[in-house]
Amino acid sequence: MGGTVRPDGISPTAVEAASGLWRVDLQRQDLSVPGREVVQTRVEFTPDSPPFTHFHPGEEIIYVLQGTLEYRLDGRPPVVCHAGDALTVGYGVHHQARNVGPGVAVELATYVVEKGKPLLTRVD
């Protein structure tokens, strides 16, 4: 999203992946399980970041590093996580996340996914 001004509190190496959603890719490695890889990303949400429904080709393990995030997983009531909380999203589960606190919220997202597939697929 070229030309976007970096908001206060967003990491200097983060890249805007969607409106108000910034990512820092930390690692991508093959796993000992054939056809699987691990992808680890720091995801930073501004307070005005709009949620969008999406899914991944594997599990997403979330650890909230800063702030408060609300997760909506298909078929479940909303889950609010604060810094220090963890959550796992199952393979292919449609979900969304949004910042429900003041300031920037940050999660460490670890994906254990099928290699060669898009990491994230949006659902309209």
Side-chain angles (χ1 to χ4, degrees):
M1 306 199 83
T4 301
V5 175
R6 184 176 307 278
D8 288 339
I10 296 294
S11 298
T13 58
V15 175
E16 190 171 28
S19 178
L21 182 73
W22 297 75
R23 299 175 64 93
V24 179
D25 292 331
L26 302 171
Q27 67 170 322
R28 180 182 294 258
Q29 299 291 323
D30 289 345
L31 294 173
S32 61
V33 178
R36 293 288 180 145
E37 66 181 345
V38 63
V39 179
Q40 200 165 49
T41 303
R42 179 183 169 99
V43 185
E44 304 180 10
F45 301 79
T46 62
D48 59 348
S49 173
F52 59 91
T53 304
H54 64 282
F55 65 92
H56 309 283
E59 287 74 21
E60 177 182 11
I61 300 104
I62 299 163
Y63 180 75
V64 179
L65 297 168
Q66 172 183 314
T68 305
L69 292 163
E70 178 187 78
Y71 298 92
R72 292 184 178 262
L73 283 66
D74 213 15
R76 292 177 46 188
V79 177
V80 176
C81 293
H82 306 277
D85 291 339
L87 177 71
T88 299
V89 179
Y91 186 110
V93 172
H94 291 194
H95 62 285
Q96 58 180 235
R98 71 183 183 106
N99 182 347
V100 294
V104 173
V106 181
E107 71 176 22
L108 175 64
T110 303
Y111 307 94
V112 178
V113 294
E114 291 184 53
K115 190 172 179 173
K117 290 195 175 180
L119 181 61
L120 181 146
T121 301
R122 288 180 85 130
V123 178
D124 294 323

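The first residue of the sequence shown is numbered 1, and numbering continues consecutively from there.
- Of the possible donor and acceptor atoms, one in the side chain of R6 sits under 3.5 Å from a partner among the backbone N and O of A14.
- Taking CG of L69 as the start and CG of L87 as the end, the distance is 10.0 Å to the nearest 0.5 Å.
- Side-chain contact between E37 and V113: present, with at least one pair of heavy atoms (C-beta onward) separated by less than 4.5 Å.
- For the atom pair E16 CD and T46 OG1, the distance stands at 8.0 Å (nearest 0.5 Å).
- Other residues, nucleotides and ligands contribute more than 12 heavy atoms inside 6.0 Å of the CG atom of D48.
- Under a hydrophobic clustering in which Ile, Leu, Val, Met, Phe, Trp and Tyr are joined whenever their side-chain heavy atoms come within less than 4.5 Å, directly or via other members, F52 and F45 fall into the same cluster.
- Contact of the Y63 side chain with the I61 side chain is not registered, since no non-hydrogen atoms from C-beta on lie closer than 4.5 Å.
- Between W22 and V5, the closest heavy-atom pair is CZ2-O, 4.2 Å.
- Nearest heavy-atom pair across R36 and G58 is NH1-CA, 4.0 Å.
- For an aromatic pair to be called close, the ring centres must be under 6.0 Å apart, and H95 with H54 satisfies this.
- Judged by distance alone, with hydrogens and angles left aside, the side-chain atoms of E44 form a donor-acceptor pair with the main-chain N or O of S11 at under 3.5 Å.
- Using a 4.5 Å cut-off between side-chain heavy atoms of Ile, Leu, Val, Met, Phe, Trp and Tyr, with links allowed through other members, L21 and I62 fall into the same hydrophobic cluster.
- Across all non-hydrogen atoms, the minimal contact from G103 to P47 is O-CG, 3.4 Å.
- In this structure, V100 is not a member of the same hydrophobic cluster as I10, with clusters built from ILVMFWY side-chain heavy atoms closer than 4.5 Å.
- In terms of heavy atoms, P51 sits closest to A97 at CB-O, 3.6 Å.
- One finds the CG atom of D25 at 13.0 Å from the CZ atom of R42 (value rounded to the nearest 0.5 Å).
- Two different hydrophobic clusters hold V43 and V106 under the rule that ILVMFWY side chains link at heavy-atom gaps under 4.5 Å.
- Taking the side chain as every heavy atom from C-beta outward, H56 and L120 approach each other to under 4.5 Å.
- Under a 3.5 Å cut-off, the side chain of H94 and the backbone N or O of F55 do not form any donor-acceptor pair.
- In this structure, the side chain of Q66 engages the main chain of V104 through a donor-acceptor pair within 3.5 Å.
- In this structure, the separation between CG on N99 and CD on E107 is 11.0 Å, given to the nearest 0.5 Å.
- Annotation for G20 and S49: closest pair O-CB, 3.2 Å, computed over non-hydrogen atoms.
- The OH atom of Y91 lies 3.0 Å from the CD atom of E114; values are rounded to the nearest 0.5 Å.
- Taken from CD in Q40 to CG in L26, the straight-line distance is 5.5 Å, to the nearest 0.5 Å.
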